[in-house]
Each structure stands twice: as structure tokens, then as C-alpha cells.
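Per chain, numbering begins at 1; letters A, B, ... match sequence-line order.
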Amino acid sequence: MLASELARKLGCDFVGPGDPEIDGVAPIDEAAPSDVAFLYNRIYRRRIASTSAGMVVLQSDDLPDRHDFAAAISDNPHRCMAQAVDLLYPKEIIEPHVDRSANIDPSATIGKKVSIGAFARIGPGCVVGDGAIIGEGVVLGARVHLGPRCRLFPRVVVYADTWLGEGCIVHAGTVLGSDGFGFAPTEDGILKIRQVGRLIIEQDVEIGANCTVDRGSFTETRICRGTKIDNLVQIAHNCRIGECCLIASQTGLAGSTILGDRVMVGGQVGFAGHQKVSDGSIILAKSGVVSDVPPRSKLFGIPARNSITEHREGIYLARLGELFKRVKALEKKLEEK
Amino acid sequence: MLASELARKLGCDFVGPGDPEIDGVAPIDEAAPSDVAFLYNRIYRRRIASTSAGMVVLQSDDLPDRHDFAAAISDNPHRCMAQAVDLLYPKEIIEPHVDRSANIDPSATIGKKVSIGAFARIGPGCVVGDGAIIGEGVVLGARVHLGPRCRLFPRVVVYADTWLGEGCIVHAGTVLGSDGFGFAPTEDGILKIRQVGRLIIEQDVEIGANCTVDRGSFTETRICRGTKIDNLVQIAHNCRIGECCLIASQTGLAGSTILGDRVMVGGQVGFAGHQKVSDGSIILAKSGVVSDVPPRSKLFGIPARNSITEHREGIYLARLGELFKRVKALEKKLEEK
Amino acid sequence: MLASELARKLGCDFVGPGDPEIDGVAPIDEAAPSDVAFLYNRIYRRRIASTSAGMVVLQSDDLPDRHDFAAAISDNPHRCMAQAVDLLYPKEIIEPHVDRSANIDPSATIGKKVSIGAFARIGPGCVVGDGAIIGEGVVLGARVHLGPRCRLFPRVVVYADTWLGEGCIVHAGTVLGSDGFGFAPTEDGILKIRQVGRLIIEQDVEIGANCTVDRGSFTETRICRGTKIDNLVQIAHNCRIGECCLIASQTGLAGSTILGDRVMVGGQVGFAGHQKVSDGSIILAKSGVVSDVPPRSKLFGIPARNSITEHREGIYLARLGELFKRVKALEKKLEEK
């Protein structure tokens with residue numbers, strides 16, 4: 001596709017110079033002359049000077065005075081990147097097909113144009129919406145609800161009574177609706193508290209591979225619409241995750257953690273449970289959050305605190321050896337007087 | 001069920017006032033008038049003033065002078081909660097049934113009243129105890145022993161020669177008895193040390209979803225009876241976990257970690273391996289344990305230390321900026337003299 | 001086998017005294033008189049004084065003046081341990097056999113002497129090399145390439161277009177080639193960036209259980225030959241892991257992390273992404289790596305720094321209470337003057 005045509009389809013203002021043929025998307029520093037690159041993080045602004053990309057999509061402020069690549073201007077180059085991938089790369093086409101080996105309980109309700117892979121099991125009373133794609137070896141327990149156009153990759157396990165809204169994507173190996181970690185220590189050992197709540201996942205949620213999301217202990221665990229979750233994330237019983245959150249890999253939410261909307265969480269973060277994280281907060285990677293988080297906070301550390309406070313302490317800490325020396329010098333001086 | 005009847009069945013002293021109909025269990029701050037709530041953690045003591053619960057089960061010390069809810073007194077409200085769930089919520093009934101698609105090796109020994117789900121595979125020489133429930137897609141390797149009344153949720157994989165005692169519960173996607181991370185670096189690359197030991201899990205152990213528990217390298221890995229493990233936990237080769245431990249999500253034990261009995265471990269903790277943790281120790285979330293742990297310790301931090309020491313350092317650390325200023329002031333003062 | 005014969009087969013100089021029958025391998029402090037033990041980490045040097053092992057393989061420098069065990073000298077006792085396990089323990093023999101229930105797409109190419117377990121699914125266009133072993137319930141998406149003698153344990157899922165070289169081992173439940181965490185926030189929600197790259201795993205790589213390795217977003221994610229990865233590890237899109245690295249459990253590499261050759265990474269480490277870690281670096285457990293790592297570094301901490309710097313700070317930190325007191329004393333003294 002010509003660069004100018006692609007720019008038009010992305011809703012960008014095409015600046016040029018030139019109008020190369022574009023057939024792929026690549027990072028700025030790896031792009032070839034037939035690639036389009038996207039400057040969506042200003043950290044990489046310097047790299048565009050040396051890029052070999054045929055076209056670069058960027059915000060007008062980031063456009064250098066001189067450039068060899070064909071430039072295209074957008075308010076949101078990141079969104080354009082998502083759209084460009086759709087335009088330039090062929091989409092996987094999955095024909096609706098129910099494999100002969102799939103084990104579907106006669107009491108299940110299967111919608112139109114559904115695809116069900118080999119060795120999948122659909123339990124009694126399940127409802128599978130139109131256009132859903134169920135991968136090989138998926139197991140749906142009793143009374144699971146799968147909204148239209150959901151896609152479950154191979155080997156996802158969904159425990160009984162879990163509800164998923166329209167258009168959710170769940171990657172391979174993830175377990176939804178498992179029992180929470182609820183136990184009562186007694187003199188005779190540890191007694192299991194049967195987990196009788198359920199798990200609700202609203203529309204357009206995507207969950208990565210090999211995650212675990214527990215059902216509610218009495219009421220529910222809920223992931224609200226549009227939230228995206230990376231691989232190997234743990235979400236415990238009774239959590240509520242707001243809309244359009246982004247949660248990176250290996251993060252864990254202990255029981256009854258409440259995230260607001262648009263919260264961004266880095267990798268390997270831990271939430272201690274029973275706390276509220278306000279809308280729009282950012283929790284940096286590897287933090288441990290132990291108390292409520294006020295709106296629009298940016299936290300870091302164990303325990304997590306304002307990332308500037310944490311950063312300042314790091315600087316003081318690095319100078320601690322020097323401080324010991326200065327105090328020693330003072331003591332000596334005072335001794336001598 | 002009337003509150004007074006429920007209290008009697010839980011072995012509590014019923015105080016009243018009133019005797020509402022109770023049909024559910026709920027947290028103190030979410031409970032409705034038809035719910036029973038349980039005060040098992042004194043942190044939430046204040047919340048009972050404003051609860052709408054029809055009944056609250058609590059210790060006698062925690063009973064306020066005035067209360068609208070029907071109170072019931074117990075030494076262990078947490079245990080009562082586990083019992084109340086059993087009384088108030090219907091139990092899942094699983095009829096013994098071996099699915100036609102299950103692939104059972106003719107040399108396996110299957111007990112009475114066993115349930116085996118679709119697409120499960122039972123390898124040669126396996127022994128499955130009476131009343132065991134084996135979920136869809138479970139794979140038992142050769143010579144696996146499954147005690148009576150064990151429940152394996154869908155897609156659990158058990159490597160050859162693993163032994164599970166009576167009444168164990170293993171959640172979906174967990175892998176038991178996989179090879180430990182044993183390798184010898186050489187000039188020609190990294191040589192695998194074949195892992196020839198096995199994994200023993202004693203009775204009444206529960207393991208969460210998507211965990212990994214490695215077999216012993218030569219001898220065994222062992223999890224002793226009554227221990228409960230949350231989701232996504234890693235237990236490496238040659239570990240020994242004592243009785244009635246509680247291990248929260250995403251914690252990892254490196255090779256040859258030895259936990260005593262009744263050890264409580266928070267989420268995302270790491271054990272460096274080859275160390276002993278004494279009976280009754282508590283390791284707080286996100287800690288990194290690098291040395292032996294004396295009896296009844298409460299540890300926190302990386303590396304993990306006495307949690308009070310760690311806490312005190314945190315306070316000093318927060319005042320470090322102030323200390324720099326004070327030293328500067330001293331230096332100036334001394335200069336001027 | 002006689003100790004002297006085993007020593008000869010391991011390429012060791014046999015010292016004696018005595019020549020016991022050896023039939024097992026064990027750790028130094030657990031070994032019986034019929035076991036051989038290996039001193040491959042000098043930390044355990046002291047333990048050989050009290051060992052009951054029939055034979056100990058060790059470096060000549062570590063040989064004590066007096067010893068009851070039969071000693072054997074080697075430059076690399078760790079390598080000998082790997083070899084001894086192969087000599088002393090029977091190997092699992094897996095007869096080439098394709099289970100009748102396996103679902104193999106007619107367009108797949110299956111090599112000679114391949115073993116395919118029950119309920120495995122081989123997608124269209126797959127190539128399975130000679131001698132490969134595919135466990136029960138494995139799912140290979142379209143066009144997956146599996147080199148000769150690869151072994152996939154049960155329930156491994158491999159997404160479309162993933163390529164594995166010769167002799168790779170992948171443990172149960174691991175997911176290869178899943179979508180990376182690529183999303184563009186917009187005013188209307190979060191837009192998925194379709195992940196159109198692929199995953200290349202070179203020869204002799206071993207990956208533990210329940211790991212997740214994402215495909216490239218546009219180009220590739222690559223794990224180079226001879227690298228070994230433990231359980232529950234996350235490798236994000238566009239990472240490149242060099243040759244012969246060792247990565248311990250629960251570690252996570254964020255997008256575009258580049259590891260050189262022979263990098264050793266402890267457990268629960270996090271890499272923030274978009275950084276380069278030089279050949280031969282060592283990253284200690286629980287560290288958080290946020291910037292490029294120079295050659296042969298040994299790092300620790302969050303953020304990870306030279307482990308000696310980190311250690312020194314720890315010592316200063318422990319003395320911080322004392323420093324506050326000393327400053328207070330100085331202030332008082334100066335006040336008095």
C-alpha cells in the first residue's frame with residue numbers, strides 16, 4: 001500500500017516527502033524502508049533521526065524540521081499502530097466448525113456460527129453466544145455463560161457458574177472461577193471455607209495465558225468492561241477491577257482488592273487485599289500496595305508510596321556512606337575543640 | 001433458617017435480640033438483614049456498629065454493649081463461618097461416572113464410586129482410590145497413586161510416580177511432579193541432571209490453580225498433611241513443607257527449602273533454597289527469605305528480617321532527608337565557631 | 001556398580017580408600033554408604049567431613065587429608081553428577097506410538113518414530129520431526145514446527161507459526177507463542193494491537209511447567225540454543241534471550257528485554273523491558289532490572305545495582321538508628337558549648 005493511502009486510511013495528515021510502498025509495521029529502530037513506524041512514546045523521540053522506516057506516524061510536535069521518511073501526523077500514533085496492523089497483515093479466519101470429538105452436554109445452548117475445537121467440554125446448562133470461538137481442550141463447567149464473539153484459546157478452564165460478557169478474549173491455560181484461598185485455622189487442622197460466590201467478567205475484557213481468577217467467596221469477583229490483563233496474573237476472591245484497567249504480568253491481587261477505572265499496574269506488583277485503588281492511579285512494577293490509594297496517584301516501592309518520595313529516598317540512601325563520614329568528621333572536630 | 005437455630009448448629013451461645021431468618025453468609029460491611037456475618041479478625045471490630053447483618057457471630061470480648069443484630073458467641077468465629085457456608089448453601093453433587101471418552105490404561109486400578117471426566121488419561125499402573133473425582137482433561141502419568149476422595153479439577157497434570165494421600169484437592173491447571181531445575185554448566189553447554197526422585201503429597205492437602213510442584217531430584221519433594229497452597233505457587237525439587245502450613249499466591253520456594261509445621265507465608269514471597277523455616281513462623285508478603293528462620297519468627301523484607309526491625313528502619317529512612325539537613329546545619333555551625 | 005568403575009566411567013581419578021558398591025546419587029548430607037555424592041559448590045565443603053556417602057566426587061583442592069569415603073577427583077563434579085544419574089538410574093523408555101484418539105490434521109507432516117499421546121491436537125501444516133514425543137492433550141496450532149527429538153509434556157499449548165529447534169523439552173502446561181500485551185489506549189477504550197510476529201525457540205532449550213512465552217508483536221521473540229528456563233516464567237513479546245542462559249522460577253521479562261549469552265537470573269526477578277543485559281551477567285533473586293547491564297555484572301535489588309553497593313547500603317541502613325543518635329548527641333554538645 002502506498003504510504004499516502006495508508007496515512008489516509010489511518011486518518012492522518014500525510015506530510016511526505018516521497019510516497020513509498022509500505023507492507024509492514026516495525027519499531028522505529030528496526031524498521032526497513034518498506035515499514036511504517038509509530039512514535040507513540042516520546043522516550044524514543046531521538047531515534048527517529050536515524051530510522052530507516054519508509055513512513056513514521058507521529059504527533060505534530062514531534063515532527064523534526066528535516067526528515068528522510070514520509071511523515072504522517074496523528075493525535076494518537078498508538079491507535080494508528082493498532083489500525084495499521086489490521087490493514088497490513090492478513091487476519092486469521094476461523095470457519096465456524098464444531099469438532100466431532102467435542103463433548104457438549106445436551107442441556108447446553110450453543111449460538112450460531114460458533115467454533116468448538118477438538119476435545120473441548122461444554123458442561124450442562126452452559127450458554128455459548130453467537131460467533132464464539134472455543135479452543136481445543138477448553139473445559140466449561142456447569143452453567144457457564146459465554147457472551148457472543150468470545151474467544152477462549154486452548155485449554156482454558158472455566159469453573160461452574162462463571163459469566164463472561166461479549167467479545168472477551170482469554171488466552172491458553174487460564175483458569176477462571178477457581179476457589180479462593182479461604183480457610184479457617186482450628187485446633188484440628190485447617191477447615192476449608194467452601195467458596196460459593198461466582199465470577200463475572202464484563203464485555204471486551206482480555207486475559208493473558210496461565211492466569212488465575214478466583215470466584216467470589218459468597219458474592220462475586222468482578223472484572224469490568226474493557227480491562228486488559230497480561231499473563232500469569234492472580235486475582236483473588238472478591239476483587240473488583242474497574243473499567244479499562246491495564247494489569248501487567250505476574251501481578252497479584254489478594255482478596256477484596258478494589259481497583260477503580262483506568263488503573264495501570266506494572267508487572268510483579270502485589271496488592272495486600274481489602275484496599276481501594278482510585279481511578280487513574282499508576283502502580284509501578286514490583287510495588288507492594290498495602291493501603292488505599294488516592295486518585296491519580298503514582299506509586300512505587302514496598303510498601304508502595306508516592307514515586308517521587310520513593311525516588312528521593314533512593315538518592316539519600318545512595319549518599320548514606322558519605323553522611324556517616326561527615327558525622328564522624330563532625331564528632332572528631334568537636335572532640336578536638 | 002432461624003438465627004437461633006443456626007447459632008445452635010454452629011455451637012454458639014445465642015444472645016439475640018430478635019431471631020431473624022438467615023439464608024446467606026456475607027462480609028460484615030456487605031451483609032443484608034437475612035445474612036449472617038462473622039467477626040474473625042479484630043481489625044474489622046469497628047465495622048459491626050454499622051452492619052446490617054441479621055446475625056453476627058463473634059467472640060464474647062467483641063460484643064458491644066448495644067447492638068441491633070442478633071449476636072451469637074463463639075471461641076472461633078472463623079470456624080463457624082466455614083460451618084455456616086456448609087449449612088446454608090447447597091453442596092455440589094457429583095455422581096460417580098466414568099466418561100466414555102476417558103482413556104484409562106488397562107493396568108490401572110480404579111476404586112469404587114470414582115468419577116472420571118471427559119478426555120482424562122489414566123496411565124499404566126495408576127491407583128485411584130474410592131470416591132476420587134478426576135476432572136476433564138486430567139493426565140495421570142505412569143504409577144500415580146491417588147488416595148480416596150481426592151479431587152483433581154480439570155487439566156491437572158501429574159507426572160509419573162507421584163503419590164497423593166486421602167482427600168487432597170488440586171485445582172485446575174496445576175502440574176505435580178515435573179522436573180526440578182537441575183543443570184550442570186559445562187564447557188559444551190548446559191547438561192541436564194535427570195530428575196529421578198518423586199513427589200509425595202500427604203492427606204488433606206489443597207493446592208490452587210496453575211501451581212507447579214517439582215519432583216525430588218534423587219529422593220523426594222514432600223508436602224505434609226493439612227497444608228493449603230494458593231494459586232500460581234512454585235515449589236522446587238527437594239522441598240519439604242510441614243503440616244498445616246498456609247502459603248499464599250505467587251510465592252516460590254527454591255530447591256531444598258524446608259518449612260516446619262503451621263508456617264504462614266504471604267503472597268509473592270521467595271525462599272532462596274537450602275534453608276529451614278521453624279514451626280509457626282510468619283513470613284509477610286513479598287519478603288525474600290535467605291537464611292534459616294528461628295521458631296515463631298515474624299519476618300518481612302528483602303532480605304527478610306524481624307518485621308519490627310524492618311519497620312523501624314522504614315521510619316528512619318523516611319526521616320533521612322531531615323538528617324541530612326541537621327548534619328549540614330551542624331557543619332555550618334561548627335564552621336562559624 | 002563398584003565405586004572405582006563408576007569413577008572410571010565418569011572420567012575421574014579414583015583415589016579410594018575402599019571400593020564400595022554404589023547404586024544411587026544423593027546430597028552430601030543425606031547420602032548413604034551405597035550413594036555417591038558430589039561436591040560441586042564449595043559452600044558445602046565442610047559437610048564432607050561428616051558425610052556417610054560411599055563415594056564423593058570432588059575437585060582435587062577440596063580433598064581433605066583424611067577421609068573415610070572413597071574419593072574421586074574431577075574438574076567438574078557437577079557434570080559428573082549429571083552423568084552418574086544417567087548411569088545409575090533406569091531411563092524412561094517411550095515407545096513410538098500415536099494414540100488413536102489424537103487429532104492430527106491431514107496436512108501435518110509427522111516424522112519417523114514419533115510418539116503422540118491421547119487427545120493431542122496437531123494443527124494444519126505442522127511439521128513434527130523424527131523421534132519427537134508429544135504428550136497427552138498437547139495442542140499445536142497451525143504451521144507449528146517441532147524439531148527432531150523435541151519433547152512436549154502433557155497440555156503444552158503452542159500457538160500458530162511457532163518454531164522449535166531440535167531436542168527442546170517443554171514441561172506441562174506451558175504456553176508458547178501467545179499474544180503479547182500490546183494495547184493502545186484511546187478515548188473509546190483500549191484498542192488491541194494484533195500480535196502478528198512469531199516465536200522462535202532454538203535447539204536444546206528446556207522450558208519448565210506453566211510458563212508463558214509470547215510471540216513477537218511484528219517480528220519475533222527468540223530464545224537461543226541451550227538456554228534453560230524454570231517454572232512459571234514469563235517472557236514477553238520481542239524479547240531475545242541469548243545462548244546457554246539459566247532463568248529461575250517466577251522471573252518475568254517485559255517486552256523487548258535483550259539478554260546476552262550465559263546470563264544467570266535468579267527467581268522472581270523482573271526486567272522492565274527495552275534494556276540490554278550483557279553476556280555472563282548474574283542477576284540475583286527478586287531484583288528489578290531497569291537499565292542496561294554491563295558485561296559480567298552481578299546485580300541485586302530494586303532497582304538492581306551492583307550487588308556490593310547494594311550490600312554496603314544494607315549495612316549502613318542497619319546502622320541508621322545509631323547515626324540519628326550520634327547526630328542528636330552532636331547537636332546537644334554544640335548547643336552546650
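- Counted within 6.0 Å of CZ on C:Arg42, heavy atoms from surrounding residues, nucleotides or ligands total more than 12; the atom is thus considered enclosed.
- For the pair C:Lys91/B:Arg194, a side-chain contact is recorded, criterion being any heavy-atom separation below 4.5 Å from C-beta on.
- There is no contact between C:Tyr40 and chain B, counting heavy-atom distances below 4.5 Å.
- Around atom CG of C:Asp75, no more than 12 heavy atoms belonging to other residues, nucleotides or ligands sit under 6.0 Å away.
- Using the six-membered ring where Trp is involved, C:Phe153 and B:Tyr159 have ring planes that are parallel, under 30° apart on the 30 and 60° scheme.
- In B:Ile315, the CD1 atom is crowded: over 12 heavy atoms of neighbouring residues, nucleotides or ligands sit closer than 6.0 Å.
- Put simply, the side chain of C:His171 does not reach to within 4.5 Å of the side chain of B:Val175, judged on heavy atoms.
- Contact annotation for B:Arg319: both backbone and side-chain heavy atoms come within less than 4.5 Å of a heavy atom of chain C.
- Looking at B:Thr174, the atoms closer than 4.5 Å to chain C (heavy atoms on both sides) all sit in the backbone: N, CA, C or O.
- For C:Ala209, the parts sitting under 4.5 Å from any heavy atom of chain B are the backbone and the side chain alike.
- Pairing each heavy atom of B:Phe183 with each of C:His78, the nearest pair is O-CE1, 3.2 Å.
- Under a cut-off of 6.0 angstrom, the local environment of CZ in B:Arg326 is crowded, with over 12 non-hydrogen atoms contributed by other residues, nucleotides or ligands.
- No side-chain donor-acceptor contact under 3.5 Å links C:Tyr89 to the backbone of B:Phe218.
- For the set B:Gly252, B:Gly189, B:Ala272, the entry with the most heavy-atom pairs within less than 4.5 Å of chain C is B:Gly252.
- In this structure a side-chain-to-backbone donor-acceptor pair under 3.5 Å is present from C:Gln250 to B:Leu232.
- The contact between C:Asp99 and chain B is made entirely by side chain atoms (from C-beta outward), counting heavy-atom distances below 4.5 Å.
- Contacts between C:Glu243 and chain B at a heavy-atom distance below 4.5 Å are absent for every atom of the residue.
- Your options are B:Leu330, B:Leu317, B:Asn238, B:Thr309, and the one with the most heavy-atom pairs under 4.5 Å with chain C is B:Leu330.
- Residue with the most contacts toward chain C among B:Ile302, B:Asp214, B:Leu191, B:Ile190: B:Ile190 (heavy-atom pairs, distance under 4.5 Å).
- Chosen from B:Ala329, B:Ser287, B:Ala236, the residue pairing most often with chain C at heavy-atom distances under 4.5 Å is B:Ser287.
- Residue C:Tyr316 does not touch chain B at all, counting heavy-atom pairs closer than 4.5 Å.
- Only the side chain of C:Asn76 comes within contact range of chain B, judged by heavy atoms closer than 4.5 Å.
- Using a 4.5 Å cut-off between heavy atoms, B:Val158 does not touch chain C at all.
- Here the side chain of B:Asn210 pairs no donor or acceptor atom with the backbone of C:Asn210 at under 3.5 angstrom.
- Each of C:Arg155, C:Glu92, C:Arg79, C:Met81 has some count of heavy-atom pairs under 4.5 Å with chain B, and the biggest count is that of C:Arg155.
- Only the backbone of B:Val269 comes within less than 4.5 Å of a heavy atom of chain C; no side-chain atom from C-beta onward does.
- Neither the backbone nor the side chain of B:Val138 comes within contact range of chain C; no heavy atoms are under 4.5 Å apart.
- Only the side chain of B:Val139 comes within less than 4.5 Å of a heavy atom in chain C; its backbone stays farther off.
- Only the backbone of C:Cys245 has a heavy atom closer than 4.5 Å to any heavy atom of chain B.
- Across B:Glu187, B:Arg121, B:Lys192, the residue that shares the most heavy-atom pairs under 4.5 angstrom with chain C is B:Lys192.
- Minimum heavy-atom separation, C:Ser249 to B:Gln234: OG-CG, 3.0 Å.
- Residues B:Leu320 and C:Phe324 come closest through the heavy atom pair N-CZ, 4.4 Å.
- Counting heavy-atom pairs closer than 4.5 Å to chain B, the top residue among C:Cys244, C:Gly321, C:Ala285 is C:Gly321.
- When heavy atoms are compared at a cutoff of 4.5 Å, C:Glu331 approaches chain B by way of both its backbone and its side chain.
- Proximity to chain B (any heavy atom under 4.5 Å) is restricted, for C:Phe119, to the side chain, taken from C-beta onward.
- Annotation: maximal heavy-atom pairing with chain C below 4.5 Å, among B:Asn103, B:Thr186, B:Leu323, occurs at B:Leu323.
- The structure places CD of B:Gln268 at 7.0 Å from NZ of C:Lys286, a figure rounded to the nearest 0.5 Å.
- Contact of C:Ala318 with chain B is made through backbone and side chain together, with heavy-atom distances under 4.5 Å.
- With B:Ile193 as the partner, the side chain to side chain contact (heavy atoms under 4.5 Å, CB included) test is satisfied by one option alone out of C:Val85, C:Asp86, C:Val25: C:Val85.
- Heavy-atom distances place the backbone of B:Ala120, and not its side chain, under 4.5 Å from chain C.
- For C:Pro27, the parts lying near chain B are the backbone and the side chain together; criterion is any non-hydrogen pair under 4.5 Å.
- For B:Val196, the part lying near chain C is the side chain, with the backbone staying farther off; criterion is any non-hydrogen pair under 4.5 Å.
- Using a 4.5 Å cut-off between heavy atoms, C:Ile169 contacts chain B through its side chain alone, with no backbone atom that close.
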